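What follows is a short report on a single structure.
Keep in mind the model is a prediction, meaning the values are calculated, not measured.
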Amino acid sequence: MRKIIFFDAAYPPPIVGGKEKQAHELAKNLKNIDIKVIALTSQKIKQFPFRNYEGIKRLGIPYLLIPLVLIILRFFSNTIHIHTPSRVGLFVLIFSKLLGFKTLFKIPNMDTVGDNKFTDKLILLFSNYIIALEENSYSTLMRTKKSLKLDNKDQIKLIPNLVAKQKYAFKTNNEIFNIAFCGRLVDQKNPFDFLKVIYKLKYDNGLNIRAHIIGDGYLYHKLIDYVREFKINDCCKFYKMHKNPSEIFSRCQLLVSTSKKEGMSNVLLESMAIGIPVITSKVGAAAYLLGAYKDKFTFLPGDIESIVERIILLKKDQKLQKQYSNFLYRQVNEINSPNRIIPIYGKLYMN
């Protein structure tokens, strides 16, 4: 069995975001093609620095010990996949390349590249392969690569995130229209826009709705104050972090994402994986995921009126709800299936 190293500064547990969840799901699925992952993280582990988490060996160490540990791990593996694009991730990339590792560097979010050309050059110079999730990052890196006149034609890869196939769960509801929001409650995710939409649906349009808000973050208490101030607390339920958000999605007729930026949203994938319709800001890979429905159910970040219009359109037409639901379920099981994605990574690691 071949061994490879994953580096993620916040490798779970706990799972704090889509980036960490994707790294762990990839690690688990790689066992199916005889690739064993050792996950290196700077996140503290209680009691022992080395332990298993759901079958993956996870090593938590202080930042200062990362170089020493990488030197030791080089005796066990020649491949490292870096999932954290921060400064520490960039350091791990450069140091690993100097040690002779084959290096893969993942770009998990739009705007990770493009703002700092020096950083982009370092990523290109020290990565054997770069994994992009959406066209914006891919195109930016290709332009920078062309300006540097680098020869590695196949260096930059556009590879979707994966999601496990789930049982179809969508059901219409004639009485209450249940809408989910899921994500870190931070400015990037724009949760106040979601609450503004709920206010308009209830008071301006008289709809019988329930909002299910899953997540935690520094805006949590401000959001609680907002729903009380604007008297929508009777139709808003907060769940904080939830180990299995799909359990809540399955009770809903819609998921809304108001993010200002994304890569390939794990929340969208998990909603689609059980057939729950989505309306999302047109960021990252959203248009790619929604395919033929991208114009009908995406909007520019901050466009509250467009979100409201799209929700009303969907709520009034149960036939459209079912058609859209079935399309998303087929779409995600075709393009984001582990059976499709894992062999792609396997070839990169083995080359």
Can you list the steps and then say if L348 with I131 is a side chain to side chain contact (heavy atoms under 4.5 Å, CB included)?
CA-CA 10 Å; L348 296 184; I131 314 302; 3.8 Å; yes
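- The shortest distance between side-chain heavy atoms of T280 and L255 does not fall below 4.5 Å.
- With a 6.0 Å radius and a threshold of 12 heavy atoms from other residues, nucleotides or ligands, D151 has its CG atom at or below the threshold.
- With values rounded to the nearest 0.5 angstrom, I311 atom CD1 is found 11.0 Å from S306 atom OG.
- A side chain to side chain donor-acceptor pair (under 3.5 Å) check over residues 337-348, counting only residues at least two apart or in different chains, returns nothing.
- The side-chain heavy atoms of Y220 and F238, taken from C-beta on, include a pair separated by under 4.5 Å.
- Looking only at side-chain heavy atoms (C-beta outward), Y293 and L320 come within less than 4.5 Å of each other.
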Checking K57 against K3 for the side chain to side chain contact (heavy atoms under 4.5 Å, CB included) test, could you report, in this order, the C-alpha distance in whole Å, the side-chain angles of both residues, the deciding distance, and whether it holds?
CA-CA 11 Å; K57 292 188 181 298; K3 294 184 177 68; over 6 Å; no
H83 vs Y11, test: side chain to side chain donor-acceptor pair (under 3.5 Å). Steps then yes/no.
CA-CA 9 Å; H83 295 262; Y11 196 93; over 6 Å; no
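- For the pair T112 (side chain) and N109 (backbone), a donor-acceptor distance under 3.5 Å is present.
- Judged purely by atom type and a 3.5 angstrom limit, S127 has no side-chain atom pairing as donor or acceptor with the backbone of T103.
- For residues 171-185, every residue pair satisfying the side chain to side chain donor-acceptor pair (under 3.5 Å) rule, not counting sequence neighbours, is listed here: N174-Q318, N178-H212, N178-Q253.
- Of the possible polar contacts, one joining the T41 side chain to the D8 backbone as a donor-acceptor pair under 3.5 Å is found.
- Aromatic ring centres of F297 and Y324 lie closer together than 6.0 Å.
- Judged by distance alone, with hydrogens and angles left aside, the side-chain atoms of N116 form a donor-acceptor pair with the main-chain N or O of T119 at under 3.5 Å.
- Proximity of Y329 to K165: side-chain heavy atoms (C-beta onward) are separated by under 4.5 Å at one or more points.
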Any chance you could lay out the side chain to side chain contact (heavy atoms under 4.5 Å, CB included) test for L26 and K106, step after step, and finish with the verdict?
CA-CA 12 Å; L26 178 58; K106 187 174 184 180; 5.8 Å; no
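- No continuous path of ILVMFWY side-chain contacts below 4.5 Å connects L300 to L290, so the two sit in separate hydrophobic clusters.
- Residues R2 and N78 meet the side-chain proximity criterion, which asks for heavy atoms closer than 4.5 Å.
- Taking a 6.0 Å sphere around CZ of F75, one finds it holds 12 or fewer heavy atoms contributed by other residues, nucleotides or ligands.
- Within a 6.0 Å radius of NZ in K97, more than 12 heavy atoms belonging to other residues, nucleotides or ligands are found.
- Between I130 and Y138 the shortest side-chain heavy-atom distance does not fall below 4.5 Å.
- I307 and L328 end up in the same hydrophobic cluster when Ile, Leu, Val, Met, Phe, Trp and Tyr side chains are linked at under 4.5 Å.
- Separation of atoms CD1 (I107) and CG (D120) is listed at 8.0 Å; rounding is to 0.5 Å.
- Centroid-to-centroid, the aromatic rings of F230 and Y203 stay 6.0 Å apart or farther.
- In this structure, CD1 in I38 is found 15.0 Å from CZ in F7, a value given to the nearest 0.5 Å.
- A9 and V88 get closest at one heavy-atom pair: CB-CG1, 4.4 Å.
- Hydrophobic clustering (side-chain heavy atoms under 4.5 Å, transitive across Ile, Leu, Val, Met, Phe, Trp, Tyr) groups L93 together with I71.
- Rounding to the nearest 0.5 angstrom, the gap separating the CD1 atom in I198 from the CD1 atom in I179 is 4.5 Å.
- Taking CD from E134 and OG from S139, the interatomic distance works out to 8.5 Å, rounded to the nearest 0.5 Å.
- Atom-to-atom distance recorded for H221:NE2 and L185:CG is 10.5 Å, nearest 0.5 angstrom.
- A 4.5 Å side-chain heavy-atom check between P245 and Y239 finds every atom pair outside the cut-off.
- Members clustered with V283: M110, by chain and number, using a 4.5 Å side-chain heavy-atom cutoff among hydrophobic residues.
- Criterion: ILVMFWY side-chain heavy atoms under 4.5 Å apart, direct or through other members. Under it, F6 and F105 are not part of a common hydrophobic cluster.
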Could you go through L219 and F192, starting from their C-alpha distance and side-chain angles, then the distance that decides it, and tell me whether this counts as side chain to side chain contact (heavy atoms under 4.5 Å, CB included)?
CA-CA 9 Å; L219 292 177; F192 282 106; 4.1 Å; yes
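- Between M264 and L269, the shortest heavy-atom contact is CG-CD1, 4.3 Å.
- With sequence neighbours excluded, the residues that form a side-chain contact (heavy atoms from CB on, under 4.5 Å) with Q331 are M272, F327, I335.
- Put simply, the side chain of I61 does not reach to within 4.5 Å of the side chain of L68, judged on heavy atoms.
- Residues satisfying the ring pair (Phe, Tyr, Trp, His ring centres under 6.0 Å) test with Y288, not counting sequence neighbours, are none.
- Other residues, nucleotides and ligands contribute only 12 or fewer heavy atoms inside 6.0 Å of the CZ atom of F76.
- Without hydrogens or angle criteria, Q155 side chain to L124 main chain gives a donor-acceptor distance under 3.5 Å.
- When the side chains of ILVMFWY residues are joined at heavy-atom separations under 4.5 Å, either directly or via intervening members, V267 and V197 end up in a single hydrophobic cluster.
- Listed by first then second residue, pairs satisfying salt bridge (Lys or Arg N to Asp or Glu O under 4.0 Å) with a partner in residues 255-267 read D187-K260, K189-E262, not counting sequence neighbours.
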